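As the structure is a computational prediction, the values presented were derived from the model and not from experiment. Counting convention: from 1, in listed order, for ligands and their atoms alike.
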Amino acid sequence: MPAQSTLILPQDYFTLSEEAAMPRIAEARRRLGRRLMILGHHYQRDEVIQFADKTGDSFGLSRQAAANQDAETIVFCGVHFMAESADILTRPEQAVILPDMAAGCSMADMADLAQVEDAWDEIADALGDGPGVMPITYINSAADLKAFVGLHGGAVCTSSNAAPVIRWGLSRRAKLLFFPDQHLGRNTAAAMGIPLDEMVVWDPRRPAGSLGGNTPESLRRARIILWRGHCQVHQRFLPEHVRSFRDKFPGIQVIVHPECSYEVVQMADLSGSTSFIIDTITRAPSGTSWAVGTEIHLVDRLRRAHPDKFISSLVPGVCLCSTMNRIDPQHLLWVLEELERGEIVNRIKVPEPVASRARLALDRMLAIS
Ligand code: 13P
Ligand code: SF4
């Protein structure tokens with residue numbers, strides 16, 4: 001197999017215009033044929049996602065990666081945790097490439113292994129011999145956190161299957177430690193009928209020994225311990241945006257991603273994953289109006305695809321995931337042309353034993369959903 005390396009974009013590609021890059025991507029993609037599969041998350045820009053063989057939300061793309069047996073290489077147009085999950089779910093000889101290694105996720109960075117291990121130990125001490133805790137990680141997390149979850153009997157979830165995963169967890173243990181997104185955890189649990197006063201927030205920035213800002217009593221009462229993490233894109237959607245749209249456009253429907261705050265999700269008409277948002281608006285009758293609380297590339301694409309509907313971002317101005325946006329035509333062209341030259345650059349390879357432990361947690365998710 002060719003060499004593997006992590007590099008930054010060479011000057012020749014850096015100075016290339018997008019217009020010049022695009023026909024070359026199409027050519028390289030055609031020549032690579034079935035040896036290559038390109039996966040694209042819904043937040044990718046149009047110039048990139050047009051080359052994806054499969055598009056989807058995090059869950060759909062994990063399934064695509066797990067199901068693909070043919071391609072030698074998967075180029076993942078998305079962010080780091082997605083490419084890691086694809087690597088864990090594919091065969092060892094299949095290579096997963098992230099065109100720009102700097103395409104991370106700020107939410108995933110809000111929980112690291114040392115913090116979660118400390119929280120786990122503190123919670124166990126505080127609960128004594130009390131009921132067990134099940135760790136559940138949102139897929140937006142590093143592979144070593146998924147491995148931690150796998151090792152402790154828990155599962156991964158995404159925005160499209162958080163409810164069945166939480167139900168599964170609570171049917172096995174009395175409590176969940178849910179990280180890193182407090183909003184997805186709270187919104188999903190509340191929609192399942194779990195009262196807010198049975199959820200507490202664990203703040204990893206509190207000093208060691210302070211139970212993340214909780215008391216032993218509040219931890220004992222809680223059914224869900226929510227990690228204090230959030231998405232910087234989705235936290236920008238506020239209740240006043242919902243109110244203002246409803247005032248200006250009576251009858252407009254508000255649809256948001258569950259990474260938005262509890263208040264926003266409560267006020268919205270509908271909430272769900274990126275695929276849910278796309279499917280709902282696509283199926284809606286002509287003439288309907290939508291204010292959408294998620295990343296701007298998806299909203300703009302929906303608006304262009306459905307000129308018969310009024311579709312607007314819920315927030316005035318641009319609500320963009322800057323790390324998703326790092327995957328540009330120049331990076332995509334570069335990794336494809338390197339592949340043609342027999343070089344694998346920017347390969348995502350999760351080492352053992354992390355990969356097999358993380359796979360336990362991912363496989364549990366795939367079995368539950
Ligand atoms: P989806 O799983 O809904 O595509 O969401 C991924 C994500 O990162 C949203 O911010
Ligand atoms: Fe991460 Fe938020 Fe970007 Fe999704 S939108 S990849 S959660 S930073």
Worksheet item: Is the distance from atom 2 (Fe) of ligand 2 to some N, O or S atom of His234 under 2.8 Å?
Response: no

Practice prompt. Over 60° means perpendicular and under 30° means parallel, so classify the ring planes of Trp334 and Tyr13, tilted if in between.
Written response: tilted

Worksheet, complete the sentence: protein heavy-atom neighbour closest to atom 8 (S) of ligand 2 works out as Ser106 OG, 3.7 Å

Fill in: Side-chain H-bond candidate by donor/acceptor type, Asn161 with Ser369, under 3.5 Å
yes

Discussion item. Any donor-acceptor pair under 3.5 Å linking the side-chain atoms of Glu352 with those of Ser356?
Written reply: yes

Worksheet entry | Sorted by chain and number, the residues that approach ligand 1 to under 4.0 Å with a heavy atom | His41, Tyr43, Asp57, Ser58, Asn140, Ser159, His234, His257, Glu259, Ser273, Thr274

Worksheet item: Does the side chain of Val156 reach to within under 4.5 Å of the side chain of Tyr138, using non-hydrogen atoms?
Response: no

Worksheet entry | Sub-6.0 Å ring centroid separation between Phe310 and Phe249 | yes

Discussion item. Within the supplied structure, the quantity of interest is the number of heavy atoms (other residues, nucleotides, ligands) at a distance under 6.0 Å from Lys54 NZ; does it exceed 12?
Written reply: no

Worksheet item: For atom 3 (Fe) of ligand 2, which protein heavy atom lies nearest, and how many Å away is it?
Response: Cys321 SG, 2.4 Å

Worksheet item: Quick one: are Asn325 and His297 in side-chain contact, heavy atoms under 4.5 Å?
Response: yes

Item to complete: Could you tell me whether Phe148 and His152 have their ring centroids closer than 6.0 angstrom?
Response: yes

Fill in: Contact atoms of ligand 2, heavy-atom distance to Asn140 under 4.0 Å
7 (S)

Discussion item. Please determine whether the number of non-hydrogen atoms from other residues, nucleotides or ligands lying under 6.0 Å from atom CZ of Arg34 exceeds 12.
Written reply: no

Practice prompt. Using a 4.0 Å heavy-atom threshold (strictly under), name the region of Glu295 that reaches ligand 2: side chain, backbone, both or neither.
Written response: neither

Discussion item. Tell me the protein heavy atom at minimum distance from atom 1 (Fe) of ligand 2, and give that distance in Å.
Written reply: Cys105 SG, 2.4 Å

Worksheet entry | Nearest non-hydrogen protein atom, atom 2 (Fe) of ligand 2 | Cys231 SG, 2.4 Å

